[in-house]
Peer 1: 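Encoded as structure tokens, here's the structure I'll be asking about.
Throughout, a chain's letter reflects where its sequence line sits, starting with A, and its residues are numbered from 1. As the structure is a prediction and not an experimental result, all values here were calculated from the model. Values below: every heavy atom of this structure, side chains too, minus hydrogens, waters and symmetry copies.
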There are 2 protein chains.
Amino acid sequence: MATASDISNAELVLLKVLWQESPLSSADIVERVQRHEEWHEKTIKTMLNRLVKKAVLSYEQAGRKYLYAPLISQQVYQKQVSTRLLDNVFSGSVSGLVAGFAQQGALKSDDVEALKSLIAEWEKDQGGQS
Amino acid sequence: MATASDISNAELVLLKVLWQESPLSSADIVERVQRHEEWHEKTIKTMLNRLVKKAVLSYEQAGRKYLYAPLISQQVYQKQVSTRLLDNVFSGSVSGLVAGFAQQGALKSDDVEALKSLIAEWEKDQGGQS
DNA sequence: ATATAAAGATTACACATGTAGTCCAAAGGC
DNA sequence: GCCTTTGGACTACATGTGTAATCTTTATAT
């Protein structure tokens, strides 16, 4: 099974494209990737191949082309990498993680509103559950 | 300058030891690392060497030994990796990141209390600044 | 039909990383 | 003083990753 730690930074770029829209042909992927990265077409195709081998992407044949699609969802990926960061670097402390962002001024007012809702949710569950 | 992305997972283990206590001799580092990891002494010494070359660690000579110390603080490291995760995987949305944890039940009541304080701080600053 | 272009498969190569082994010099034990 | 151990330096080697070029098989344009 494909785990997020098997996905390199460069590969993540392709995955992001496919999270936005899939399935896509390699030509489409190349075109979209090249909007932001100066990567050679051959490079991108190599990465597509490796991602298929790693079972991160699937493909279906359409004529003589392949149409690629992600086998791992963005949600699952996000969960995996953020959990690893949390455990590995912040000893499991969510607030420690957020505190860093607060210091850097990375907290936007939208974030704060969303955090308040999350906290309210959490407290409701807590009341119901405990 | 040493940036957090130059530090591999295995190397991070050594760095964590030195964040707890430094400077330490290689023998001490080996001993502490081996409390948790089954790594050969030679392996650990190779990594020490590489970390020095990468300017992640410094050393001072003490007789015929070296005493190693981190050149990057845990705070700076945490900031770098969490910012990279945030930008790269969550498009800069702190609340998106936290929402994932909330779903997984990774939020502890300590975290929630700490988050409330952070929010209160943030709102105070906001009032003063805007 | 033939030459060319396009898709994917295969091969290439340098640098990073995990995982040690070997070499050499200094320190200590006896 | 000689042998063994210990510290660090250097060497080794497989696998992963970034970055393509070449090969092979069609499809297509003329």
Peer 1: In whole Å, what is the span from the CD atom of A/E41 to the C1' atom of D/dT22?
Peer 2: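 To the nearest whole Å, that distance equals 13 Å.
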
Peer 1: Taking 5' to 3' order, which nucleotide of DNA chain C is first and which is last to have an atom within less than 4.0 Å of a heavy atom in chain A?
Peer 2: C/dA6 to C/dA12

Peer 1: From the options D/dG7, D/dA9, D/dA20, select the nucleotide whose nearest atom is closest to the side chain of B/N49.
Peer 2: D/dA9

Peer 1: Verify the contact: side-chain N or O of B/Y66 to OP1 or OP2 of D/dA9, cut-off strictly under 4.0 Å; return yes or no.
Peer 2: yes

Peer 1: A/S8 has a side chain; which of D/dT17, D/dG8, D/dG7 sits nearest to it?
Peer 2: D/dT17

Peer 1: Measuring only between side-chain heavy atoms, which start at C-beta, is A/L115 closer than 4.5 Å to A/L118?
Peer 2: yes

Peer 1: Please find the pair of heavy atoms, one from A/A55 and one from A/L71, that lie closest to each other, and give the distance.
Peer 2: O-CD1, 3.6 Å

Peer 1: Does a donor on one side chain and an acceptor on the other come within less than 3.5 Å for A/T83 and B/Q104?
Peer 2: yes

Peer 1: What is the ring orientation for A/Y59 with A/Y68, classed by angle as parallel under 30°, tilted 30 to 60°, or perpendicular over 60°?
Peer 2: tilted

Peer 1: Which pair of heavy atoms, one from B/D6 and one from B/E11, lies closest together, and at what distance?
Peer 2: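 Closest heavy-atom pair between B/D6 and B/E11: O-OE1, 3.5 Å.
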
Peer 1: Could you check how far CG of B/L24 sits from P of D/dG7, rounded to whole Å?
Peer 2: 14 Å

Peer 1: Just how far is it from atom CG of B/L18 to atom CZ of B/R32, taken to the nearest 0.5 Å?
Peer 2: 9.0 Å

Peer 1: Output the rounded distance in Å from CD (A/Q34) to P (D/dA20).
Peer 2: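 The distance from CD of A/Q34 to P of D/dA20 comes to 10 Å, rounded to the nearest Å.
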
Peer 1: Looking at B/K116 and A/E123, is any side-chain nitrogen of the basic one under 4.0 Å from a carboxylate oxygen of the acidic one?
Peer 2: yes

Peer 1: Ignoring backbone atoms, test whether A/T43 places a side-chain nitrogen or oxygen under 4.0 Å from the OP1 or OP2 oxygen of D/dA20.
Peer 2: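 Looking at the OP1 and OP2 atoms of D/dA20, one of them is under 4.0 Å from a side-chain N or O of A/T43.
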
Peer 1: Please answer whether the main-chain N or O of B/L14 pairs with a side-chain N or O of B/W19 as donor and acceptor at a distance below 3.5 Å.
Peer 2: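 No; judged by distance alone, with no hydrogens or angles, the pair does not exist.
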
Peer 1: Nearest to the A/R50 side chain among D/dG7, D/dT17, D/dC23, which nucleotide is it?
Peer 2: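 For the A/R50 side chain, the nearest candidate turns out to be D/dT17.
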
Peer 1: Checking all strands, does B/K53 fall into the base, sugar-phosphate, or nothing category for heavy-atom contacts under 4.0 angstrom?
Peer 2: nothing

Peer 1: Roughly how many Å is it from NZ in B/K45 to P in D/dT6, rounded to a whole number?
Peer 2: 10 Å

Peer 1: Atom CD1 of A/I44 and atom P of D/dA20: how far apart are they, to the nearest Å?
Peer 2: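 These atoms are roughly 9 Å apart.
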
Peer 1: What integer distance in Å separates B/L67:CG from D/dG7:P?
Peer 2: 12 Å

Peer 1: What nucleic acid atoms does B/T46 come within less than 4.0 Å of, heavy atoms only: base, sugar-phosphate, or nothing?
Peer 2: base

Peer 1: What's the shortest heavy-atom distance between B/V89 and A/Q74, and which atoms?
Peer 2: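 Minimum heavy-atom contact is O-NE2, 4.3 Å.
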
Peer 1: Between B/S25 and B/D28, is any side-chain donor less than 3.5 angstrom from a side-chain acceptor?
Peer 2: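 The criterion, which ignores hydrogens and geometry beyond distance, is satisfied for B/D28 and B/S25.
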
Peer 1: Does anything in residues 11-22 of chain B come within less than 4.0 Å of DNA chain D? Heavy atoms only, and list the residues if so.
Peer 2: none

Peer 1: Given that A/K54 and B/S26 both sit by DNA chain D, which one's nearest nucleotide is further toward the 5' end?
Peer 2: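 It is B/S26 whose nearest nucleotide is closer to the 5' end.
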
Peer 1: Over how many whole Å does the gap from B/K42 atom NZ to D/dT5 atom P extend?
Peer 2: 14 Å

Peer 1: Does the base of D/dT25 carry an N or O that pairs as donor and acceptor with the side chain of A/R64 under 3.5 Å?
Peer 2: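 No such pair is found, so the answer is no.
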
Peer 1: Write down the distance between NE2 (B/H40) and C1' (D/dT11), rounded to a whole number of angstrom.
Peer 2: 16 Å

